[in-house]
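Notes for the one structure printed next.
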Amino acid sequence: MSSEHPGPRRVVITGLGAVTSIGTGPAEFLAGLRTGRSGVKPITSFDTTGYAHANGCEIDDFDPADWLEQLDPEELGRAGQFSVAAARMAVSDAGMDLAELRLRRVLVSVGTTDGESRDLDELMERQLADGPQELPPAVARRSTAGLLSSSVVRELVLTDVQAVTIPTACAAGNYAIGSGFDAIRSGEADVALSGGADAVCRKTFTGFYRLGTIAPELSQPFDIDRKGILTGEGAGILFMESLDSALARGARIYAEVLGYALNCDAHHPVAPDRDSLAACIELAHRNAGVKPEDIDFISAHGTGTKANDVTEAGAIRQVFPVPPPTVSIKSMLGHTMGAASALASAACALAITEGFIPPTINHRETDPECGLDPVPNVARTAEVRIVQNNALAFAGNNAVLILGAYGPRAAE
């Protein structure tokens, strides 16, 4: 550690990239969150014949050629296209010239649940129909999950860089952001482009469908009549750097990353564990130096299944004597898998900057077993100083991120 930074660096978010079914780019994403826009529509990316219901939150207005300047979009699967586009957006939004970025030490960390399973679906379908000799080489080449991060490096022409793809399922976005936070805080990296990306695919939709957890029409987290999840897609990438760097270049600061926590109980393949999540929340608070009463709202994992909502609400009530407003943007975006907590982190950063709490839409009556204030249907104006972002994943992977409004600290 150099003498210039004798202790851990403060880490701030200065750029956002968002590709979502309710808006692409920070401004459109913000507008979607404020107005409670819904991304729900019938799935068209694969044949849904035979399914009793097949709504999802696909993105139908995304053209990768609008964002990719170095790479041929055909070299990338759909999740990779989302990831690269969101990374380029985040760099542009941060106001850092690419020539300057290329002089920095950069970590690219992208979380995912499915990688390029959409391409794997296609390869399997082709193999079953025509035999392995007919597999399209271009699709096979782009189907590896590692391309979600390494393609960002190629598109931005970075050289002093580490690229990591983190596959911790639906908590992977927060895992990736935590890795970026650690790298900057310790001085191992100057900039981190961190988040998550996934695309709607037959494999994941069918898996959740056979578990009986796909909702027929809408996502209704914490509602007494909720019926399950809707699968979604997109990418969220945060541009993070040290506070010193941001101040030196006069960057706009969305929020400060105060801390995070991870745990994995491995209690059950798919069911969350209340005590384990509560322990992760408490650890995140300790790491961030905050108390439950400091949290202005919680961005919940909030999938809209009974197993998740009741368990997550129970964990929150276990930690918080009086839970703050607790919302789920999955009501708007569906469950975007590895992108979910990354997009929720971007939403939290926007909420801090813009002074509002996003709504939980499609809400009629709160389940008394949950006992939370989900900010039903309409965004709420509020002074937002500190936000908690929960992420849960299969196999008991929990990741809780704490973001705060930037301001001088007493010791400074």
Side-chain angles (χ1 to χ4, degrees), residues 4-5 9-20 23-34 64 66-71 82-110 149 151-163 173 176-177 180-181 183-185 187 189-197 234-258 342-343 345-355 384 387 403-408:
E4 184 182 354
H5 295 285
R9 301 176 178 189
R10 293 174 65 178
V11 179
V12 293
I13 300 166
T14 55
L16 303 174
V19 180
T20 85
T24 291
E28 278 296 311
F29 184 44
L30 171 61
L33 294 169
R34 277 192 183 280
D66 291 341
W67 301 99
L68 274 62
E69 299 178 10
Q70 299 291 330
L71 301 180
F82 291 156
S83 178
V84 172
R88 188 172 273 284
M89 282 178 219
V91 174
S92 174
D93 189 49
M96 181 175 283
D97 184 76
L98 278 173
E100 181 181 351
L101 180 63
R102 289 164 187 154
L103 298 175
R104 305 286 187 104
R105 296 168 301 157
V106 181
L107 170 68
V108 178
S109 53
V110 181
S149 55
S151 296
V152 172
V153 175
R154 293 171 57 215
E155 171 66 19
L156 300 179
V157 196
L158 305 176
T159 54
D160 190 355
V161 62
Q162 180 183 10
I177 292 166
F181 169 77
I184 297 169
R185 187 171 183 267
D190 301 317
V191 169
L193 288 164
S194 301
I237 299 289
L238 309 185
F239 186 106
M240 297 186 290
E241 61 188 305
S242 71
L243 175 61
D244 290 344
S245 170
L247 294 177
R249 65 186 192 87
R252 171 199 48 208
I253 297 173
Y254 283 103
E256 180 172 2
V257 184
L258 300 179
L343 286 168
S345 296
C348 291
L350 288 167
I352 288 169
T353 303
E354 300 293 330
V384 180
V387 182
L403 301 182
Y406 164 66

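Because only heavy atoms are used, hydrogens play no part in the values below, and waters and symmetry mates are left out as well, while side chains stay in.
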So do the side chains of [X] and [Y] get within less than 4.5 Å of each other, counting heavy atoms only?
X: Leu71; Y: Ser151; result: yes
X: Phe239; Y: Leu101; result: yes
X: Val108; Y: Leu158; result: yes
X: Arg88; Y: Leu98; result: yes

Where [X] and [Y] come nearest, the two heavy atoms and their spacing:
X: Gly180; Y: Ala192; result: CA-CB, 3.7 Å
X: Ser345; Y: Ile177; result: OG-CD1, 3.5 Å
X: Ala18; Y: Phe29; result: CB-CD2, 3.8 Å
X: Arg185; Y: Val11; result: N-CG2, 3.8 Å
X: Ala405; Y: Val384; result: CB-O, 4.2 Å
X: Ala349; Y: Leu403; result: N-CD1, 4.1 Å

When rounded to the nearest 0.5 angstrom, what is the spacing between [atom1] in [X] and [atom2] in [Y]?
X: Leu30; Y: Thr353; atom1: CG; atom2: OG1; result: 9.0 Å
X: Met96; Y: Leu103; atom1: CE; atom2: CG; result: 9.5 Å
X: Leu243; Y: Ile253; atom1: CG; atom2: CD1; result: 5.5 Å
X: Asp244; Y: Arg10; atom1: CG; atom2: CZ; result: 9.5 Å
X: Glu354; Y: Tyr254; atom1: CD; atom2: OH; result: 8.0 Å

* Return the set of residues passing salt bridge (charged side-chain N to carboxylate O under 4.0 Å, His left out) with Arg105 (not counting sequence neighbours), or none when no residue passes. =>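 In terms of salt bridge (charged side-chain N to carboxylate O under 4.0 Å, His left out), with neighbours along the sequence ignored, Arg105 is linked to Asp190.
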
* Those residues that, when tested against Arg102, pass salt bridge (charged side-chain N to carboxylate O under 4.0 Å, His left out) (two or more places apart) ->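 Arg102: no salt bridge (charged side-chain N to carboxylate O under 4.0 Å, His left out) contacts found.
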
* Thr24: partners by side-chain contact (heavy atoms from CB on, under 4.5 Å), with sequence neighbours left out ->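 Scan of Thr24 (side-chain contact (heavy atoms from CB on, under 4.5 Å), adjacent residues dropped) gives Val19, Trp67, Met89.
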
* Partner residues of Ala251 under the side-chain contact (heavy atoms from CB on, under 4.5 Å) criterion, sequence neighbours left out ->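 Thr14, Glu241, Ala246, Arg249.
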
* Asked: With a 3.5 Å cut-off and no angle check, do the side chains of Ser245 and Arg104 form a donor-acceptor pair?
  -> yes

Check whether any side-chain N or O of [X] sits under 3.5 Å from a backbone N or O of [Y] as a donor-acceptor pair, and report yes or no.
X: Glu155; Y: Gln70; answer: yes
X: Gln162; Y: Leu107; answer: no
X: Ser149; Y: Ser109; answer: no

* Would Val91 and Leu193 count as a side-chain contact (heavy atoms from CB on, under 4.5 Å) if you check the C-alpha gap in whole Å, the side-chain angles of each, and the deciding distance to 0.1 Å? -> CA-CA 8 Å; Val91 174; Leu193 288 164; 3.9 Å; yes

* Asked: side-chain contact (heavy atoms from CB on, under 4.5 Å) between Asp160 and Val106: does it pass, once the steps are laid out?
  -> CA-CA 6 Å; Asp160 190 355; Val106 181; over 6 Å; no

* To do: Using the side chain to side chain contact (heavy atoms under 4.5 Å, CB included) rule, pick out the option among Ile237, Leu350, Leu343 that qualifies with Leu16.
  =>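 Checked Ile237, Leu350, Leu343 against Leu16; only one passes side chain to side chain contact (heavy atoms under 4.5 Å, CB included): Leu350.
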
* To do: With sequence neighbours excluded, tell me which residues meet side chain to side chain donor-acceptor pair (under 3.5 Å) with Ser83.
  =>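 Testing Ser83 for side chain to side chain donor-acceptor pair (under 3.5 Å), a comparison that skips the adjacent residues, returns none.
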
* Asked: Who are the ring-ring contact (aromatic ring centres under 6.0 Å, His included) partners of Phe82, not counting sequence neighbours?
  -> Phe62

